Amino acid sequence: MTSAGTTSLPPLTVLTEDEVLLRQSVREFAEAQVRPLVREMDEQGKFSPALIGELFKLGVMAVEIPEAYGGSGGTFFHSVIVVEELSRVDPSVAVMVDVQNTLVINAILRWGSPALQADLLPRLATSTIGAYALSEAGSGSDAFALQTRARKTDEGYVISGRKLWITNGNEADIFIVFATIDPQLGYKGITAFIVERGTPGFSVGKKEDKLGIRASSTCELIFEDCFVPPNRVLGEVGRGYKVAIETLNEGRIGIGAQMLGLAQGALTHTIRYTKERKQFGASIADYQGVQFQLARAAMDVELARLSVYNAARLRDAGRPFLAEAAMCKLFASEAAERTASLAVNLHGGNGFVKDYPVEKLYRDAKIGQIYEGTSNLQLQTIAKQVLG
Ligand SMILES: Cc1cc2nc3c(=O)[nH]c(=O)nc-3n(C[C@H](O)[C@H](O)[C@H](O)COP(=O)(O)OP(=O)(O)OC[C@H]3O[C@@H](n4cnc5c(N)ncnc54)[C@H](O)[C@@H]3O)c2cc1C
């Protein structure tokens, strides 16, 4: 306590000077460069290639990559701000950036050998997109039941199998692929490999036609006797389960940030609309019934922000954050669904058509409860922590 009786610790939502600057620059970028493309990318189910170039130029595709490798040298919290701000305008753009930073780069920074880092990080910082391939048709929540096989040979490994639901599948050139060196070993056989687009035996299959985040590509990956040399193992052989668990524990804070930004975007649109829209001779925001609904949505957004920021700050401080990460993702995704649903309701008929942005946010909200661990799996993680 200081002499005035105040604590010297900054409140959770008070940002440092560089965090404020980052938030401002990403917010301006999202309004100027992303907003005009949102509807077309959603309708076509395709990410604008020019926008990808602009995201690299802005530095948000390599938030935590050290400056020596061409990155922004930032913190995990910086990634969270970037994802939140992009998601206010388009959660599809946010998830591309999120997977690049919180899963792919995060895993390579933590588990990559110096040689692998020297090869991959400068590319990921300047022009190359990454993807993270764990899920398969038969293994989603039960991720370590994966069937993709990496057979050891004298020269390295030969990968065979299929991955499903892989974000950035269409745009990525560097893929982190989880495969087992021996199914008999259970989770202790799982190994992470770096596989590059163009490697013989590796191809990108069907792209999914989705309910929401339609501009983000979600693809099948096919491996048919795909040779990978031993220096492309990420981390140790048989320790891929640790690579997966540790990156996903952090990655889900990024999904919390995506859902937080979505909820904030929906709320902001709705506040503006309810002030403008007149019925019964007054703005609909003048009616207490509407005001109370907006108050609840504002509370949802505030609590989502507190839990996401707290989990991210715990992570950056090197403190345990497992339960907090699961809670923030679960809460923020439910808050996003509730807020986007209210946004549609309060826009009336306009909430149901594509000329207004909220019907898309409503569709986009649903994914937060599914990927990087469904809500039931988050509850399982929280319960384990609570019960000890
Ligand atoms: C758009 C999109 C993008 C994705 N991106 C990626 C990616 O980049 N990389 C990647 O590897 N994967 C990705 N995924 C896959 C995603 O992580 C999985 O879809 C998710 O983990 C759920 O797995 P599943 O679809 O097999 O559902 P299932 O595991 O079959 O779950 C179905 C239902 O059963 C419930 N359930 C399952 N087990 C239990 C249990 N033990 N107790 C209680 N309830 C249970 C679940 O909560 C869920 O409600 C993506 C998916 C989508 C849709």
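We count ligands from 1, going down the list as the structure has it; atoms in each ligand are counted the same way. Just so it is clear, the structure is predicted and the values come from calculations on it, not from any experiment.
- Within 6.0 Å of CZ in R296 there are 12 or fewer heavy atoms belonging to other residues, nucleotides or ligands.
- Grouping the Ile, Leu, Val, Met, Phe, Trp and Tyr side chains by contacts below 4.5 angstrom, directly or via other members, places L103 with L116.
- Distance check on atom 26 (O) of ligand 1: some protein heavy atom falls below the 4.0 Å cut-off.
- Each of K329, E334, E337 was scored for a side chain to side chain donor-acceptor pair (under 3.5 Å) with Q369, with one residue passing: E337.
- Under 4.0 angstrom from ligand 1, there are no non-hydrogen atoms of K163.
- Here T374 has side-chain heavy atoms under 4.0 Å from ligand 1, and that is the only part of it that gets that close.
- Taking the charged nitrogens against the carboxylate oxygens, E19 and R313 do have a contact shorter than 4.0 Å, which makes a salt bridge.
- Heavy-atom contacts of Q380 reach the following atoms of ligand 1: 41 (N) (cutoff under 4.0 Å).
- Using a 4.0 Å cut-off between a side-chain N of Lys or Arg and a carboxylate O of Asp or Glu, E372 and R252 do not qualify as a salt bridge.
- The presence of a protein heavy atom under 4.0 Å from atom 12 (N) of ligand 1 is confirmed.
- At least one protein heavy atom sits closer than 4.0 Å to atom 2 (C) of ligand 1.
- Here the CZ atom belonging to R277 is positioned 7.0 Å from the CG atom belonging to N350, to the nearest 0.5 angstrom.
- Protein heavy atom nearest atom 24 (P) of ligand 1, with residue, atom name and distance: G140 CA, 3.9 Å.
- Close N/O approach between Y132 and ligand 1 is found [any backbone or side-chain N/O within under 3.5 Å].
- Atom 34 (O) of ligand 1 is never approached by the protein to below 4.0 angstrom, counting heavy atoms only.
- For the ligand labelled ligand 1, residue V99 lies outside the 4.0 Å heavy-atom shell.
- Here atom 31 (O) of ligand 1 lies nearest to S141 when heavy atoms of G169, A172, G212, S141 are compared.
- With ligand atoms numbered from 1 in the order given, ligand 1 contributes 17 (O) to contacts under 4.0 Å with heavy atoms of E372.
- Geometric assessment of K152 against the ring of Y157 yields a positive cation-pi assignment under the 6.0 Å and 45° thresholds.
- Using modelled atom types, one finds a donor on one side chain and an acceptor on the other under 3.5 Å when comparing T268 with Q264.
- Considering backbone and side-chain atoms alike, K210 places every N or O at 3.5 Å or more from each N or O of ligand 1.
- Ranking the protein heavy atoms by distance from atom 7 (C) of ligand 1 puts W165 O, 3.3 Å first.
- Counting heavy-atom neighbours within 6.0 Å of Q291 CD, excluding the residue itself, gives a total above 12.
- The N/O atoms of S139, backbone and side chain alike, include none that comes under 3.5 Å of an N/O atom in ligand 1.
- Of all the listed residues (N376, L134, I166, I176), N376 holds the heavy atom that lies closest to atom 45 (C) of ligand 1.
- Closest to atom 52 (C) of ligand 1, if we only count protein heavy atoms, is I367 CD1, 3.8 Å.
- Note that the OG atom of S127 and the CD1 atom of I52 stand 11.0 Å from one another [nearest 0.5 Å].
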